[in-house]
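Both ligands and their constituent atoms are indexed starting at 1 by order of listing. These numbers come from the heavy atoms of this one structure, side chains and all, not from hydrogens, waters or symmetry mates.
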Amino acid sequence: MSTTERRVAVVTGAARGIGAATAVRLAEQGRAVAVLDLSERDCDETVARITDAGGRALAVGCDVSDAGRVEAAVARIATELGPPLILVNNAGVLRDNLLFRMDEADWDTVMNVHLRGAFLMSRACQTHMVEARFGRIVSLSSSSALGNRGQANYATAKAGLQGFTKTLAKELGPFGITANAVAPGFIVTDMTARTAARLGVGFAELQESAAENIPVRRVGRPADVAGAIAFFTGEDAGFVSGQVLYVAGGPLD
Ligand code: NAI
């Protein structure tokens with residue numbers, strides 16, 4: 001394995017769902033992976049999946065919206081694994097509600113985790129990337145960025161991440177750093193399971209009705225998104241930057 005494949009990747013929100021699948025996928029490519037989530041213990045399962053397969057991983061507990069904790073977490077990753085040159089801003093939460101029922105906490109929580117979190121993590125990691133003259137930043141947007149009923153907060157944050165991505169691509173490009181966004185449609189995870197519970201419908205039923213409106217006639221799996229992230233973080237994707245890739249089983253209206 002070459003030294004470039006052994007580069008260190010940080011995946012936020014990697015205890016479960018898309019983040020866990022991405023951490024495992026990047027480890028399969030030879031990356032050493034910092035598996036970061038709110039609780040360090042919650043990261044153990046993803047870390048075990050990687051280390052059991054012969055890979056290298058570190059569990060890191062950190063709230064991505066907390067500047068001090070982010071700085072400390074990235075410093076620890078740099079010391080224990082090596083300089084983080086690949087960053088996947090995946091941590092996310094939902095606080096869905098129609099506008100007239102959405103309170104300030106619903107708005108602020110979503111902005112803080114998605115936008116402030118991606119900002120803090122990218123700012124902390126770019127120091128290492130600039131020094132190495134290599135970096136890959138991928139942020140999770142969403143098909144909701146195009147507008148979605150009941151998600152004024154989330155749609156705004158996910159659209160914001162697209163502007164953030166394009167700006168990082170321009171600012172950091174001269175240092176060999178790319179920034180791209182992956183925008184999934186319906187993916188089967190705890191997040192969409194919670195949406196089903198909130199709507200009062202069975203998860204299987206929600207998946208079936210969602211699949212009817214998706215051209216490939218199925219809902220997505222975390223591995224579908226991990227594959228796209230693996231491409232953007234790859235060694236040979238250095239000329240692909242500032243892009244938003246919808247991973248949604250078809251084009252979006
Ligand atoms: P999930 O709810 O299964 O996992 C999200 C993870 O983020 C959890 O492990 C959670 O603990 C962690 N997290 C939340 N707040 C955090 C914080 N402040 N600091 C650190 N970690 C934190 O969600 P899922 O479905 O895997 O989503 C991953 C990303 O993909 C999110 O950004 C989500 O918005 C986005 N996405 C998901 C879609 C889906 O259909 N599941 C569709 C489009 C985008």
Notebook entry, point to check: Looking at atom 42 (C) of ligand 1, what's its closest protein heavy atom, distance included?
Noted result: G185 O, 3.0 Å

Checklist line | Closest protein heavy atom to atom 20 (C) of ligand 1, given as residue, atom name and distance to 0.1 Å | finding: C62 O, 3.3 Å

Check: So which heavy atom on V60 is nearest to which on A73, and how close?
Finding: CG1-CB, 3.8 Å

Check: Side chain, backbone, both or neither: which part of V113 comes within less than 4.0 Å of ligand 1 when only heavy atoms are counted?
Finding: side chain

Next item on the list: Look at atom 12 (C) of ligand 1 and say which protein heavy atom is nearest, naming residue and atom and giving the distance to 0.1 Å.
Entry: D37 OD1, 3.4 Å

Item checked: ligand 1 atoms in contact with G17 (distance to a heavy atom under 4.0 Å) -> 26 (O)

Margin query: Tell me the protein heavy atom at minimum distance from atom 8 (C) of ligand 1, and give that distance in Å.
Written below: R16 NH1, 3.3 Å

Check: Does a donor on one side chain and an acceptor on the other come within less than 3.5 Å for S122 and N89?
Finding: yes

Checklist line | Nearest protein heavy atom with distance in Å, relative to atom 34 (O) of ligand 1 | finding: Y154 OH, 2.5 Å

Next item on the list: Mark up the atoms of ligand 1 that fall under 4.0 Å of a heavy atom belonging to N90, in ascending order.
Entry: 28 (C), 29 (C), 30 (O), 31 (C), 32 (O)

Next item on the list: If you have a sec, work out which protein heavy atom is nearest atom 43 (C) of ligand 1 and how many Å separate them, to one decimal?
Entry: P184 O, 3.3 Å

Notebook entry, point to check: What atoms in ligand 1 come closer than 4.0 Å to a heavy atom of V93?
Noted result: 14 (C), 15 (N)

Note to self: One residue to check: S141. Relative to ligand 1, which of side chain, backbone, both or neither has a non-hydrogen atom less than 4.0 Å away?
What the structure shows: backbone

Margin query: Give me the residue, atom name and distance of the protein heavy atom closest to atom 27 (O) of ligand 1.
Written below: I18 CD1, 3.9 Å

Margin query: Given V247, T109, D63, V219, identify the one with the heavy atom nearest to atom 18 (N) of ligand 1.
Written below: D63

Next item on the list: May I ask you to decide if C43's main-chain N or O and D37's side chain share a donor-acceptor pair within less than 3.5 Å?
Entry: no

